[in-house]
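Structure first, then comments.
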Number of protein chains: 2
Amino acid sequence: MGATMHDVALIAGVSVKTVSNVINDYPHVRPVTRNRVLAAIAELGYRPNLTARGLRSGKTGIIGLAVPELRENYFAELADSVIRAAEKHGLGVLVEQTNGDRDTERLVISGARMHFTDGILFSPVGMGQADAPLLDVPFPLVLLGERIFNGPTDHVTMHNVSSAVATVEHLLSIGRRRIALVGAEGDDDSDASSWSLRTRGYRRALDQAGIPGNERLVRRTSHWNRAGGAAAIHEMVAEGQEFDAVFALNDALALGVLRGLQEVGLRVPEDVAVVGFDNVDESQYAVPSLTTVDPGREEIAATAVELLVERINEKGVKAPPRTVKADFHIVSRESTGAGPVPSPLVAATPRVELPT
Amino acid sequence: MGATMHDVALIAGVSVKTVSNVINDYPHVRPVTRNRVLAAIAELGYRPNLTARGLRSGKTGIIGLAVPELRENYFAELADSVIRAAEKHGLGVLVEQTNGDRDTERLVISGARMHFTDGILFSPVGMGQADAPLLDVPFPLVLLGERIFNGPTDHVTMHNVSSAVATVEHLLSIGRRRIALVGAEGDDDSDASSWSLRTRGYRRALDQAGIPGNERLVRRTSHWNRAGGAAAIHEMVAEGQEFDAVFALNDALALGVLRGLQEVGLRVPEDVAVVGFDNVDESQYAVPSLTTVDPGREEIAATAVELLVERINEKGVKAPPRTVKADFHIVSRESTGAGPVPSPLVAATPRVELPT
DNA sequence: CGCAGCATTTTCAACGTTGTAGAAGGGAAC
DNA sequence: GTTCCCTTCTACAACGTTGAAAATGCTGCG
């Protein structure tokens, strides 16, 4: 197919190593020689074979990103940010979809398909805390999300509890007292999943405000999508529950909540204020625009890539695993009564936490 | 880092080639030997080095996908489909973002960063028909979209004109006569861009119905996003234009149109029916749910991957470039009067899908 | 017993690149 | 003039794998 270094060397009348030296900016090459080589490269349209280079160097310049599904807005936007962050390090990103399926996730980190990559950013959804030992893999791996804590790898996550506290405080500050939570996944919020952590923040904020919790206002949903959010509203209304605010555990749920409220004739924010979580692009275009928690997606992506690059470059160093939590803020929009201009509200806390 | 074939050979007491033979299921290996090798592989946790394999074989098993931005729903969903299609062929997908920038797009197909891939799926937005010659690259390339036709490569695209005709016919069939178009990008629709083709379909359908076109109802927008769609509505209303339907050239615009209509107090679909284009996931959850053209994204992705795989595997064959257009259908939902429950629908060519 | 025919395994070279070692050439210092 | 150093360039080997071809050993048959 393409010309090789050998062809270039032949035309330029030098050794292949000299061609290599020119390409890699080795200092001791005479300008005359350099130009001759560059001319030959141009003439042949030569491009270095990255596979061969990768074999020599032991690196490919590619990192893997394993997420559930790109059609979920949050992960598409995360991938977008990761690709941009990786580009700054000169890295390409190979995207793998796990569908949130535990077996697929395990396959991905088994390295079965990922051996072309220098390391992997992994956002599990199907695997849980019990699978933590499986993360002890022989290649650089950075964990994203909330499914597994205190694993053997670096971990980038968000302030789930404190941002949920801040969210509820925001709702309290605009006078709401009967605040529903939409998106619980069970009755036991003692684990470290997103829903549990955010639910604990919700309960803590109510406690601190001296407001008695109402378990009828803590709604489970079959899925974290718009249908789930809308269904939760219909259920609560059918039961005759009274509420003046909804904290949805992600934006997709919140958008469904907005739809559900419209369908039952409740006004937002006059009758019910709504807050989501994730700050996906879409939230700012909803009707009304959606107040939401920006969990620091850009920062999460940039940090994750940086940690991975460090692990890749200092392979020998068996430094202890690090955990980083991104700063969050609440983006206040129409669904909680803010004007059309978004205004950041609450800011966050320390970033690096050492392993416990 | 990892164990090599050589290590396995040493432990199993065979040559490296025998290890290779076991791994590649070469038939003439004694079961005893095979088992010994497999045991050694298991013991060492050996994984073949794909880089070395790639160097030998000249292939990497990775294809590139170059799209504008993953945060645009359509491209996220396209990437999702492409990754799934590629997986069926045992291929990984390296995703590159061009931001729709012409120079970045040219860089991507120059092969500067993509040399690790066996071929590229390329969805240009910044480049245009004039850049067609640049697509004559020395590696397999499959073109997606409408920016460039009759180029030197395989091309997968959609039925822009006829699906736009069908869309307008759908609006006519429910009694609408003053149909606005939102998303034009200029006055000259003679080129082959998405907007031009769809706009020509719009005009043709009106012509065929004997309805005089009203250029005041053909609206340009700064961007194909929700803000652009909403702004177009506000402008038309401010100008006092009368219209009973809107054909938005993509779903993002259509969602903005829905918002704009609500803001000015027009009901959908009673006062104004709305149709979008793309059938992104989001469209089915809008309020009201959005009637839209499904341009056959799944089929486009699967076809594009297949064409690329063929080119990769028959590299010598300089077969003439092929063009494939995916089947489309119109998905009828609430924004044109379809109820939430499957109801009588207006047919479109060549297929119609019932609302979900 | 010798050899063809086959199953099994090995040796060798190659994919395209880069690190290591060192050779060739020129100039400065003695 | 000799020695030493510096610049510039080259030869060789190696990264881990696999195709081609050759080597080994066994079976059956004349």
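Chain identifiers are assigned alphabetically (A, B, ...) following the order of the sequence lines, protein sequences preceding nucleic acid strands; residue numbering begins at 1 within each chain. Computation of the quantities below employed the complete heavy-atom set of this structure, encompassing side-chain atoms and omitting hydrogens, waters and symmetry-equivalent molecules.
For A/P48, whose side chain is taken as the heavy atoms from C-beta onward, the closest listed nucleotide among D/dT8, C/dT17, C/dG16 is C/dT17. Which of C/dT8, C/dG19, C/dC15 sits closest to the side chain of A/R56 comes down to C/dG19. Looking at the side chain of B/R53, the nearest of the listed nucleotides C/dT17, D/dT18, D/dG16 is D/dT18.
The side chain of A/T4 places no N or O atom within less than 4.0 Å of a non-bridging phosphate oxygen (OP1 or OP2) of C/dG16. A sub-4.0 Å separation between OP1 or OP2 of D/dA11 and a side-chain N or O of A/S15 is absent. A sub-4.0 Å separation between OP1 or OP2 of C/dT18 and a side-chain N or O of A/N21 is absent.
Judged by closest nucleotide on DNA chain D, A/V29 is the one of A/V29 and A/V16 placed further toward the 5' end. Both B/T33 and B/S57 lie near DNA chain C, and the one whose nearest nucleotide falls closer to the 5' end is B/T33.
For B/R147 (side chain) and B/M127 (main-chain N/O), a donor-acceptor pair under 3.5 Å exists by modelled atom type.
Atom CE of A/M5 and atom C1' of C/dC15 are 14 Å apart (whole Å). Here the P atom of nucleotide C/dT17 and the CD1 atom of A/I41 are 10 Å apart, to the nearest Å. For the pair B/H28 NE2 and D/dA23 C1', the computed distance is 16 Å after rounding to whole Å. Rounded to whole angstrom, the span from the NZ atom of B/K17 across to the C1' atom of C/dC12 amounts to 11 Å. With rounding to whole Å, A/Y26 atom OH is found 17 Å from C/dT17 atom C1'. As rounded to whole Å, 13 Å separates atom P of C/dT20 from atom CG of A/N24. Atom C1' of nucleotide C/dT17 and atom CZ of A/R47 are separated by 16 Å, given to the nearest angstrom. Atoms CG (B/N49) and P (D/dA14) sit 18 Å apart, rounded to a whole Å.
Within a 6.0 Å radius of NE2 in B/H6, other residues, nucleotides and ligands contribute 12 heavy atoms or fewer.
Between the side chains of B/D118 and B/T60, a donor-acceptor pair is found at a separation under 3.5 Å.
On a pure distance criterion of 3.5 Å, no polar donor-acceptor pair joins the side chain of B/R30 and the base of C/dA7.
Rounding to the nearest 0.5 angstrom, the gap separating the CD atom in B/E299 from the CE atom in B/M158 is 11.0 Å. If you take CG on A/D136 and CG on A/L141, they are separated by 10.0 Å, rounding to the nearest 0.5 Å.
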